[in-house]
Number of protein chains: 2
Amino acid sequence: MTGITVRSTMSRKGSPATIIDVAKAAGVSKSAAARVLSNNGSASARTRMAVLDAAARLGYRPNQLAKAMKAGSTQSIGIVVPDVANPFFSSVLSGFSAAARSAGFEVIVMSTDNTADIEARSLELLAEKRVDGIAVAPALTDASPTIEQLRSEGLPLVLIDRRLPNLGAIPLVSMDHAAATELATQALITSGHSDIAIVTEARATASEITELLDLDDHATSLLRPSMQRLVGHARALRAHDIAFDESLVVTAPYDREQAAVVVADFLRTDHHATAIHGTNAILSYASYRAFKQLGVVIPDDLSFVGFDDQDWMLLVHPAVTVVGQAARELGEAAAQTLIQRIAQDTDVHDVFLSARLIERGSIREVNPA
Amino acid sequence: MTGITVRSTMSRKGSPATIIDVAKAAGVSKSAAARVLSNNGSASARTRMAVLDAAARLGYRPNQLAKAMKAGSTQSIGIVVPDVANPFFSSVLSGFSAAARSAGFEVIVMSTDNTADIEARSLELLAEKRVDGIAVAPALTDASPTIEQLRSEGLPLVLIDRRLPNLGAIPLVSMDHAAATELATQALITSGHSDIAIVTEARATASEITELLDLDDHATSLLRPSMQRLVGHARALRAHDIAFDESLVVTAPYDREQAAVVVADFLRTDHHATAIHGTNAILSYASYRAFKQLGVVIPDDLSFVGFDDQDWMLLVHPAVTVVGQAARELGEAAAQTLIQRIAQDTDVHDVFLSARLIERGSIREVNPA
DNA sequence: ATGAAAGCGCTAACAT
DNA sequence: ATGTTAGCGCTTTCAT
């Protein structure tokens, strides 16, 4: 007998050791190896040792592709968001990943640049990868045939942040948009304000809003988030018999620079607002840019309530009173809901997280005239 | 003959149509179907039609798992970051995803909470999923056996933001940390400052820094980013014959709240600094919190240079002069480098992006005494 | 142009 | 306890 030949620890470059390599090295059959490696089925101590040892020596790494193929499940879920760099979505993502991981799922993230095309393609890709389910925060389109298609194929789905029309029975995980702005406007009213401007992406006349106010909860939840938020504002107004003044609705695009211009234009106007509410992170930031540019002093000249607690809100003077949504928790809830939906087919229902008002110093108390 | 029976458009729930289903429905063989579906090989117009039609009717969706198994390539790459919710990394991510997508790769994102354990597990998972390559922004540990292991297995790898000791020949995509802070300190010196405090995660005595200054570029790049940045500061000082004063080094943890406390403590001290530089996003933010809390007026009481251009820097008064790193571009470069590395084995080299100084209003010109 | 068959790595009956 | 075998969905020779 010649001396022992030590096989290289390394598998040949580019192709990791397979279970067959391990079996051979251990001198047992493929299935014996499989049994000990997946810890399922019986094996003698001797076999077990030999296999484990060979696996370690060879740096065996199970091929999840093959496993998934057999099992019909990849233990991975997808999440599709408009923009990973948006602080709201990156927080959602962070919660989503953490929750998924602790449930034994991996996450494949797709960012769509808020583009319907990329969104559709991303969803298809995820489906082709045979993820076990997908959470999607839809781009700002009115409907997504792809989502509907996937749903009808029976792929577990969860919607984040907004429901889409015509999308039957896909659970939604979202904050209650209307309730959130209602909170903000309510706070302003409580402090004595009644001429409250609102910076929003939505556009609506007083009569349109009035109609919307009569919608039931479900119908409301079908509106775009921005519109839902505007409805919440109108609700608070109505609760205090304050007329909805459409000249106080500042409709601005979802873009820092452009929105800042729009808000500045409004402020230069002969408006009568004593308070103003920015209804999302971008718009709140843009509003503040406009205040700074025009030398508007908060809260002396104008009271302000922001949306989505952001870093800068603590840095400016005074710190900004804001409606905060728990983005991370929302992500966690989305993952949990999706995984639940994957586990059993039992109907899983919508999850609404409520926003809370974080009071700081940007509202001035006024005595009602 | 009976009438035509229209098969349900839908495949049975949970199991999408396979290529065999399509072949059957089209009345051809599996391989014929495969040929037209992958557009590779010859087929008569008649066959082509029949197959395409059947595929559409059945909602056929290729199983990428099976494809990858055959091909030995998944066309997907992984990226591992300490925290997706950190603005720097989410921007990196955004660039990375975009670049990967346009090169035909999908991205699997893993967020590790800056934990060595999770990082190791994430890397293994990615490898088991047989991604074609991985980009990793390492957690703050000193070494990663897992990364080294994967490298030795021949898996294409790219490091983001920092190199790890003992990690042979893995290309690095990063900003030049030392050059970045050098820029900041240089700007302060040019404006007449010489007593410049620096807020950093690193800790070093004057003599330690002196030693570090003699390191060559490669050795320097092996240091932690925070230490590299401190070295850059020291370099600028030395270039102007200003002594490195270790009492001006404010060592703070990577945590908004705690760092703010540390900076405030320093400011209350009887220091002689006329300027201060925060060396990363968190620390810059924390510094500003401390300024606000203590009523320090920028730049009258103290000149300030921040790091990583952030939203709030434009909102405070005066706007903050900052060293900006192009996070998105960095992500793009990382993806490109990785993909290049996957394509050919040709040596791919390090990529350094340079930071630039964005001059705004937080530096006061002083006349050197 | 088309079909039969092998094989990617793994698991799970089913023998023995 | 262990080995043999079939099969997950796909591509790709290899015949025909």
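Each chain gets a letter, A, B and so on, in the order its sequence line appears, and its residues count up from 1. Hydrogens, waters and symmetry mates are skipped; everything else that's a heavy atom, side chains included, is used.
For the 3.5 Å distance criterion, the side chains of T47(A) and S44(A) qualify, holding a donor opposite an acceptor. Side-chain contact of T74(B) with R130(B): a donor-acceptor pair under 3.5 Å is absent, judged by distance alone. In this model, a donor atom of one side chain and an acceptor atom of the other lie less than 3.5 Å apart for E153(A) and Q149(A).
Distance CD1 (I20(A)) to P (dT5(D)): 13 Å, rounded to an integer number of Å. In this structure, NZ of K70(B) is placed 11 Å from C1' of dA5(C), rounded to the nearest angstrom. Between K24(A) atom NZ and dC10(C) atom P the separation is 13 Å, expressed in whole Å. Distance, L65(A) CG to dT11(C) C1': 15 Å, rounded to whole Å. Between D21(A) atom CG and dG9(C) atom C1' there is a gap of 10 Å when expressed in whole angstrom units. In this structure, I19(A) places its CD1 atom 12 Å from C1' of dA12(C), rounding to the nearest Å. Atom P of nucleotide dA12(C) and atom CG of L37(A) are separated by 13 Å, given to the nearest angstrom. Rounded to a whole Å, the CE atom of M69(B) is 16 Å from the P atom of dG7(D).
Under a 4.0 Å N-O distance rule, the pair D53(A)/R57(A) qualifies as a salt bridge. A salt bridge between E106(B) and R101(B) is absent, with no side-chain N of the basic residue lying under 4.0 Å from a carboxylate O of the acidic one.
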Nucleotide N/O of nucleotides 1-4 of chain D paired with protein N/O under 3.5 Å:
unit_1	atom_1	unit_2	atom_2	d
dA1(D)	OP2	S42(A)	OG	2.8
dT2(D)	OP1	S44(A)	OG	2.8
dT2(D)	OP1	T47(A)	OG1	2.7
dT2(D)	OP2	S44(A)	N	2.5
dT2(D)	OP2	S44(A)	OG	3.1
dT2(D)	OP2	T47(A)	OG1	2.9
dG3(D)	OP2	S29(A)	N	2.9
dG3(D)	OP2	S29(A)	OG	3.1
dG3(D)	N7	S31(A)	OG	3.3
dG3(D)	N7	R35(A)	NH2	3.0
dG3(D)	O6	R35(A)	NH1	3.0
dT4(D)	O4	S31(A)	OG	3.0

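Every residue was checked against the side chain to side chain donor-acceptor pair (under 3.5 Å) condition with R162(A), not counting sequence neighbours, and none meets it.
Of the listed nucleotides (dC10(C), dT12(D), dC10(D)), dT12(D) has the atom at the smallest distance from the side chain of N40(B).
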Working note: L172(B) + V351(B), criterion side chain to side chain contact (heavy atoms under 4.5 Å, CB included); need CA distance, chi angles, decisive distance, verdict.
CA-CA 6 Å; L172(B) 169 69; V351(B) 176; over 6 Å; no

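A rotation axis mapping the C1' atoms of four pairs onto the next four is fitted at both ends of the helix from dA1(C)-dT16(D) to dT16(C)-dA1(D) over five pairs, and the angle between these axes is 50° to 10 degrees.
Residues V84(A) and V109(A) meet the side-chain proximity criterion, which asks for heavy atoms closer than 4.5 Å.
Nucleic acid contact class of K67(A) (heavy atoms, under 4.0 Å, all strands): sugar-phosphate only.
Interatomic distance, S94(B) OG to D83(A) CG, rounded to the nearest 0.5 Å: 5.5 Å.
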